[in-house]
Participant: 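Dumping the structure here so I can ask a few things about it.
Each ligand, and each atom within it, is numbered from 1 in the order the structure gives. The residues of the chain are indexed from 1 along the displayed sequence.
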Amino acid sequence: MLDGTRNKEIIDRQFNSFTPENIFKPNSLHPEENTFNWPEADQMLDYALSQNKRFHGHTLLWHNQLPLWMENFQGNSAEWEAMLKTHIQTICHHFKGKVKAWDVLNEAFNEDGSLRNSIWKQHIGASYIEKAFVFAHEADPEAILFYNDFNLALNDKKRDAVVSLIRNLKQRNIPIHGIGLQMHISIYYPSNVVIASAMKEFYQLGLKVHLSELDISLNPRGLDIELTDKLLQKQAQKMYSVSLLYQQIPKAYQYGITFWGHSDVHSWIPSFFGREDYPLLFDANYKAKPMYCKFLESL
Ligand code: 9MR
């Protein structure tokens, strides 16, 4: 039986920043063209703020978790752009002054470095990216705006594509302030050297670095595993190294580390990949794992 009190206690006591895993995504916040769904989102946000947490909005745009009406939207490119603007600005206006930062755009690139053929690219063209950042900035000039993606440390081609996009946006003064390096990593890879050099490449562009969506898989290949202390210690060590490397970034470029959940029982990984795994700080009984202890030790 899951202990709700303990769950709440962990959330309240152990973290200083809050990111909604799903309810700020387009299908949840904007389910029909003229309907925005605020109550659940407001409730979560108000709770987080009442506990003095920073709130990170995830995510204004993505190719997944889109509402059907948006996928089926009919119109020319000007109408698509107007729809994109309304989507972004209605949401940013609603949460203005409360959501500190937004993942404006999530996972816009393919693994080979080409731009994903999302509905936005198809109907507006590649310029949808700069438009999205400009729209968000117009609606909430104080918000810190992020591009967020996975495998940016592991995959040079994808990282190079994102770096060149960001360089281009910055040269033209498009408001982009941070990079979310999704840390869906494992005890085996990417190496610490590769993670450190990816962080450096992005902060040297003048971006705040967010180690976002962190979880450390013990079983990336989906084998039959036995959960041994040795595996848990390896995971703890990886956490320790990543945290220390992060702290070597100049303070002005540190935005924070976000875990993709707190207890193994809530992780997206086992059900999504259909494998046994234990990627988070607390076990299924909300007991702190070695990963938690080493993380604390690193701070
Ligand atoms: O953790 C999220 C899970 O509950 C959802 O079912 C899933 C839907 O695709 O999205 C998960 O979160 C994703 C995040 O929004 C973007 N990066 C990848 C994450 C894991 O899929």
Participant: Which of the numbered atoms in ligand 1 are below 4.0 angstrom from a heavy atom of N106?
Facilitator: 16 (C)
Participant: Is a salt bridge present between K98 and D46, judged by a nitrogen-to-oxygen distance below 4.0 Å?
Facilitator: yes
Participant: Would the W102 and H137 ring centres measure less than 6.0 Å apart?
Facilitator: no
Participant: Around atom 6 (O) of ligand 1, find the nearest protein heavy atom and jot down its residue, atom name and distance.
Facilitator: N22 OD1, 4.4 Å
Participant: In ligand 1, which numbered atoms sit nearer than 4.0 Å to a non-hydrogen atom of Q182?
Facilitator: 17 (N), 18 (C)
Participant: Is the terminal nitrogen or CZ of R221 (NZ for Lys, CZ for Arg) located under 6.0 angstrom from the six-membered ring centre of Y188 and within 45° of that ring's axis?
Facilitator: yes
Participant: Would K158 pass as a cation-pi partner of F150, given that its NZ or CZ must be under 6.0 Å from the six-membered ring centre and within 45 degrees of the axis?
Facilitator: yes
Participant: Tell me whether the NZ or CZ atom of K208 lies within the 45° cone about the ring axis of Y255 and under 6.0 Å from its centre.
Facilitator: no
Participant: Just heavy atoms, cut-off under 4.0 Å: does F272 contact ligand 1 by side chain, backbone, both, or neither?
Facilitator: neither
Participant: For ligand 1 and E107, I'd like to know whether there is a polar contact (N/O to N/O, distance under 3.5 Å).
Facilitator: yes
Participant: In terms of atom number and element, which parts of ligand 1 are under 4.0 angstrom from non-hydrogen atoms of E213?
Facilitator: 14 (C), 16 (C), 17 (N), 18 (C), 19 (C)
Participant: Counting only nitrogen or oxygen atoms and a 3.5 angstrom limit, does N64 reach ligand 1?
Facilitator: no
Participant: Is there at least one pair of N or O atoms, one from K25 and one from ligand 1, spaced under 3.5 Å apart?
Facilitator: yes
Participant: Can you name the one residue among T19, D149, N148, T258 that meets side-chain hydrogen bond (donor to acceptor under 3.5 Å, both in side chains) with S212?
Facilitator: N148
Participant: Under 3.5 Å between any N/O of W260 and any N/O of ligand 1: does that happen in this structure?
Facilitator: yes
Participant: Does a side-chain N-to-carboxylate-O contact under 4.0 Å join K131 and E81?
Facilitator: yes
